[in-house]
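Working notes for the structure below.
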Amino acid sequence: MIDISSQTKRKILKMKARVKIDELIGDDIRAHGVELDIGRIIRTWEERPGPTRMPGIGDLREWDHKLLKKYPPHYLPFCDLCCLCTMGKCDLSRGKRGACGIDMAAQQSRIVLLSASIGTATHTGHARHLLEHLVETSGRDHHLDIGASVNLEAPNIRLVTGIKPITLGDLEDVIDYCEKEITQLLACCHTGQEGNNIDFESKVFHAGMIDHVAMEAADIAQISSLNFPKGDPEASLVDIGIGCVNPDKPSILVIGHNVAPSVEITDYMRDHGLEDAIDLAGICCTALDLTRYNNKAKIVGPLSHQIRFIRYGGADVIVIDEQCVRTDVVIEAQKVNAPVIATSCKNFQGLPDRTRDSVDSIVGDIISGKSLGAAILDPVKAGEVAVRLATAMFPKRKKFRAIPDEATIAAAAKACGGCDNCRRVCPNDLPLAEAIAAAGKGNLSLLGELYESCIGCTRCEGEGVCAKGLMPHTMILGASRIRMGKEKFRVRCGRGPIQDTEIRAVGGPIVMGEVPGVLGMVGCSNNPGSWKDVGFIAEEFLKRRYIVTTSGCAAMQIGMYTTENGQGLYEAYPGTFDAGSLVNCGSCVSNAHISGAAIKIASIFARRQLNSNYEEIADYVHNRVGAVGIAWGAMSQKASSIAAGFWRLGIPVIVGPHGAKYRRMLLGRKDHDEDWEVIDARTGERVYAAPTPEHLFAVAETREEAMVLIPKLCMRPSDTTKGRSIKLNHYIDLHRKFFGVMPDDMHLFVRTTADIPVAMKEDILKALRQTDWKEGDGRIPDPTLLPRLVRKGGRAK
Amino acid sequence: MTSDGMFSDIPVEIGVVYEGERIRKQTMHVELGGPQVKEKFEILRVKSPEEVHDGEVKVLGPDLSEMAVGGAIPFGICVEVAGAQLEADMEAVMERRIHDFCNWIEGFMHLNQRDGIWLRADKKAVARGLTLNHVGMVLIRLFRSALPIIDRISVTLITDPALVHRWHAAAVQTYEERDARTRGMTDEDVDVFYGCSLCQSFAPSHVCVISPERYANCGAISWLDGRAASRVDPKGPIYEIQKGECIDPETGEYEGVNRVVKEKSLADISRVQLYTAFGYPHTSCGCFECTTFYVPECDGLGIVNRDFRGMTPTGLSFGSIADSTGGGRQVDGFHGLSFEYMRSPRFLRASGGWERIIWMPSDVREKLKAYIPADLYDLIATEKDVTSMDEMLAFLRAHRHPIIARTVTNEVSTSDTLGSAPGSHRDIRESRSLPQGPGTGVSITFHNIRLHADRIFVRKGRK
Amino acid sequence: MTSDDPWQRYEVPGSTQSTVVTKTAVITALLKKAAHPLIVVAHHADIPANVTGNPVEIIIRIADAGRIPVIVTPSTAPAFRKRGFTPTATLSIMEIGARLNDPDWSIGDDHQHPDLVLFLGFPYSMGWLLQSGLKSFAPKGIRFISIDQRYQPHCTLSFPNQSRDEWITHLNTIADEVGYT
Ligand code: SF4
Ligand code: SF4
Ligand code: SF4
Ligand code: SF4
């Protein structure tokens, strides 16, 4: 017998390589000079693979086209021109085509694809770097463990790649696949490739699907290796806000998304008994992930808090990794004498690579002022340098600030000529001139009020913007100095995945209408107004017993909001995946758990096969699972790829006004009855199922519009009467609350009188009588868009 | 603004959005009922049309504004309804809506039911003019709106302690009579069962059959609930099943049930036996509170609930066990259950009932203590007694669990003791090949393999 | 009236941009000439103005005088209803864009696709993007006119950047002029 030890077996499995046996002598076999070439080893599991294992860019085209027919793209060109190749620039406006033949629609979709591919590449790149590091520290054989109650550990990965990952090493195969697909997607953006806008859009969806796979891989790798909360509804509450960072202690600020350096900083502090001596705080997702590892760490805030906190002088050393890091971070840090340590080769920021140098020499050079910082690509070394620098810089810097006091601002403000130039470069069109004029008269409150709606971009301070040399953003900060010192909130640190048992437990309540829908509140801090709008929206739906899931900067902003009686939302609402609960999954990569929860529903309740079965599951989710994503302050390309992943599953996404700059919406036409037919899988008949959900990607003009849209987009063709009636209840109620009257399209959604919310029945019936509403026969279809799913006995027509 | 139209004459808003509203002591104007007062109740009675003064609200005793702030007073709610389709049996179901409807009133909170009710009115609401008369009006309108089968309705709210005392006694008597009636009700007593397809929105081939002795799988709908729901919305997802001829009283198989299940599951399922875990068990979707799991070593069944975080002695968690059933399938020995069904005298009767149960989490066992035959209670192992199969078998032997005798006498047959289920042998084999934990053998399939060997020697037989 | 750069300096338009219209008479004449005019109003229209009233009131006057259908966005509708005016339809900004791009879509008593559209009350970048989309994707021959306070570069015609007082005055003039027959 040949007995290959399991250790060797594992190695062979991973090597995908060539085995050469010169001589093999066993009980039953003898061989000489055997060469075995193995391309790839696939571990099979209980479920048989479905039709699309590791789909390529064309494999789900048919499904995408189905969705895109229902939700055709509506374009909002950012520019009339294309400047992608040297035949250009080309004017594509008003029906013209470029020198390569492309038209405006395809060009817009191409840019959307580019954006989504960048987003996907960023998560995949992040996953790859993280994985390389974790494989090094925990070993390729590290058994993935993301919690005993999470049986379905990787719904996105299982669904798309057919892999049921067991070890960290398995995730490498997953990332290999993602990288391959991104390469193909990027290739499609080349001049003279894809020319049809709908085909471009299908590729956008593909990028999104890949994105969720990569995010899932990254998050389960870090949850498992770094022992983050494993689907724990009671994950700790941690501090958030500028005021949480103690000015009397040395402090380290981490910015970005890859948690590895922060982990090493924490470990170094723990090993040297410095945990209480130094404050460790973060901005953006690194901060969220750091608190999953170390619940004593603090979160400063979302992206918009970056410049603010640096200028506030709160950081004695700044450690950056990747994504959403201000690209002027070194310049800003200089203003407050804080050194910068770069830890990712994706983001050197011009700093010298000191990875191979000794810690002493790096620290020495920085303290002496010889260098502004260093790039250190070894997280362990970066961790030590950061801690030692923080201690050394603290007495030197004395928390030096670059924020003027009130008197200085008031004096400077007198120079303002009210030209409005600063306002005209402000992305939020903030009334700076008015506020500065008031400040000149000694009233700083108007400036202070802008603190929450300023996204901290510093465009108003750009070269040549103000002829008088004023710094409006700095003045806002000066007027908010005191408040920044007091800014303290609590946020529940990322819990990771949703437990299977939690999903089972809400099955009944969803069917019975006790849970009207699931919200995913995600995205960045590019809000059109106050960041508090995010918490405001969350609170309304928590009160209405929706399940509110969140991640990334949105999760932070929800924390930075208090209820009427002064409570934080994470303190007021539990963290279980249940009615009226607020579920912080974690960082951007944790978004995969939100899509994952929708996918799990199909597996748990309908026992649909997940393995390589994307189309069927997307069809299930699209027609049944009342989930909506809302990215009020979406800014990044990653936000676009995250959204695209939801789109391919047929889950609608709402963005705030700045989201219109993603250049295209996916809007349904409720006035086209024929667009809303589904196939009843029981009979094969096509039946009208109302615009449920009406849009796949929509921008809301105001937060109120978004809030009315949310319950509307939670409706699905399969809603039970109880479910539909509660969804309608919230839709109509919110419409009345914000817009004063009942909506004019209720008649589309009321199938029978049993769908009508009890507490509004008379009023609704009265309104329905004024339309051509007719009561339906009460048959709720088993809805699908796929003729192949029509069951035996039925016939697709 | 929410209450323009239907509730424009009520000084506070009405809507489901207030359902989750909690009124704390500091903001409370007064407490009605609740733990501090001895007598409180709510009751709904079905009357003949001439007995009900349609639309009438009576408040007997002082109204909210006349009550001392911060106090607690005895309280009673009596709703009287009449309607051609209404029956006394439906009273309890309709009565439970009082809870929902009171909670939809802004600044008004309702907890518990029957003679345990506990209500609070908020200071702001009372300041805005909310009276008990309004509460009565709201109840009437919501009852009418939700249950169009109500033709006439009146509401009496009682705050006069002497009257509460008098009405309370009558209410308690009614509760008792009702309970006695439902307790004794068996599947044989009725001609119709109810079917529920609500879950088909997520599990398209699952159908629940609800009989007096078998709650819906989710634990949320009793036979009486089903009856009321099917009356209120005859086109709805809960409908009558004429149970038809009884094919087998032991397993609970009915000709009418089979017909409807076959139709509603689109022939995915053609037979259902209500009291068994083998052969043709009732299906489940995925939201079940508990599930059984088959233990082939002793032919017994374990029960594990959703909230149980540990491992069963088979080494599988609730999650992995639950994964092997659900989705509207029939899987031998793996049977989604509601707590309510475990309280039924017919609980898995055809599969041996409680005698077949060998393991359950300790808190579940405790919770069901009153329903588990006393002589069996201690014989059922829990996670505190055993953690592995070896320990389990030893425990069963040591405690002389009836399953041991059964395994000895029934060496071959692993099917039901009563009315053996066809095909169960095959199915048991299926359940044995359940997903195992990691570390099982590896099987390898090669595709497109090219093997080049200079020399191969194969020797037959061992040296 | 002042400059004709985009109000938001970095919203740099493309190869063509709106002609600045400073004479209200031009707009009035086009409005009168149009067979199927339409007014689209977003929520920035509802700002308290201290001169001669609120833009919403002026739009109502224009609509009434010219019997012009009005589409408003959801957040704008209450300002109209409060003044006793029922808009012809309520649609979100992007829904309006999608419908205007569709040659088969129609509105108003005569059920026609509009041939002239007036825009007012748009958050600057949303207006900019909507109109950029219309420029390239709407059926040919429709006149898009922005009568917002700030110059919008993607229409056929647009008011220039102006002070609020100037703006309100111009709107009022249009309302007066449309009234004369
Ligand atoms: S890619 Fe095409 S449209 Fe763009 S610049 Fe080149 S030729 Fe012109
Ligand atoms: S820093 Fe703030 S005020 Fe300045 S341009 Fe950016 S958002 Fe506007
Ligand atoms: S650019 Fe300068 S002068 Fe002009 S309004 Fe702004 S601060 Fe005042
Ligand atoms: S949410 Fe947006 S801004 Fe925040 S870290 Fe993620 S991508 Fe960056």
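In what follows, chains carry the letters A, B, and so on, assigned in the order in which the sequence lines appear, proteins first and then strands, with residues in each chain numbered from 1.
Between the CD atom in C:Gln152 and the CG atom in C:Leu157 there is a gap of 13.5 Å [rounded to 0.5 Å]. Between the CD atom of A:Glu701 and the NE2 atom of C:His43 there is a distance of 5.5 Å, given to the nearest 0.5 Å.
Contact annotation for residues 705-715 of chain A against chain C (heavy-atom separation below 4.5 Å, listed by residue number): A:Glu705. Contacts between residues 95-105 of chain A and chain C, counted as heavy-atom pairs separated by less than 4.5 Å, involve A:Gly95, A:Met104, A:Ala105. Residue-level contacts of residues 124-136 of chain C with chain A, in order of numbering, are C:Ser125, C:Met126, C:Trp128, C:Leu129, C:Leu130, C:Ser132, C:Gly133, C:Lys135, C:Ser136; threshold 4.5 Å between heavy atoms. Within residues 141-150 of chain C, the residues approaching chain A closer than 4.5 Å by heavy atoms are, in numerical order, C:Arg150.
Highest contact tally toward chain C, considering only A:Arg664, A:His658, A:Arg459, is held by A:Arg459 [criterion: heavy-atom pairs under 4.5 Å]. In terms of heavy-atom pairs under 4.5 Å with chain A, the best-connected choice from C:Thr76, C:Asp102, C:Val12 is C:Asp102. Among C:Pro74, C:Pro78, C:Gly14, the residue making the largest number of heavy-atom pairs under 4.5 Å with chain A is C:Pro74. The candidate from A:Ala700, A:Cys426, A:Cys79 with the greatest count of non-hydrogen atom pairs under 4.5 Å with chain C is A:Cys426.
Contacts of A:Arg663 with chain C are absent, with no heavy-atom separation under 4.5 Å from either backbone or side chain. With a 4.5 Å cut-off on non-hydrogen atoms, A:Lys670 touches chain C through its backbone and its side chain both. For chain A, no part of C:Ala77 is nearby; none of its heavy atoms comes within less than 4.5 Å. Only the side chain of A:His695 comes within contact range of chain C, with at least one heavy atom under 4.5 Å from a heavy atom of that chain. Residue contact with chain A, scored on non-hydrogen atoms closer than 4.5 Å, involves the backbone and the side chain of C:Ala42 alike.
Contact check on A:Arg703 versus A:Asp533 returns a salt bridge, with a Lys/Arg side-chain nitrogen under 4.0 Å from an Asp/Glu carboxylate oxygen.
When each of C:Val20, C:Thr22, C:Ile27 is paired with C:Phe159, the side chain to side chain contact (heavy atoms under 4.5 Å, CB included) condition holds for C:Ile27 and for no other.
Separation of the A:Phe697 and A:Tyr71 ring centroids does not fall under the 6.0 Å cut-off.
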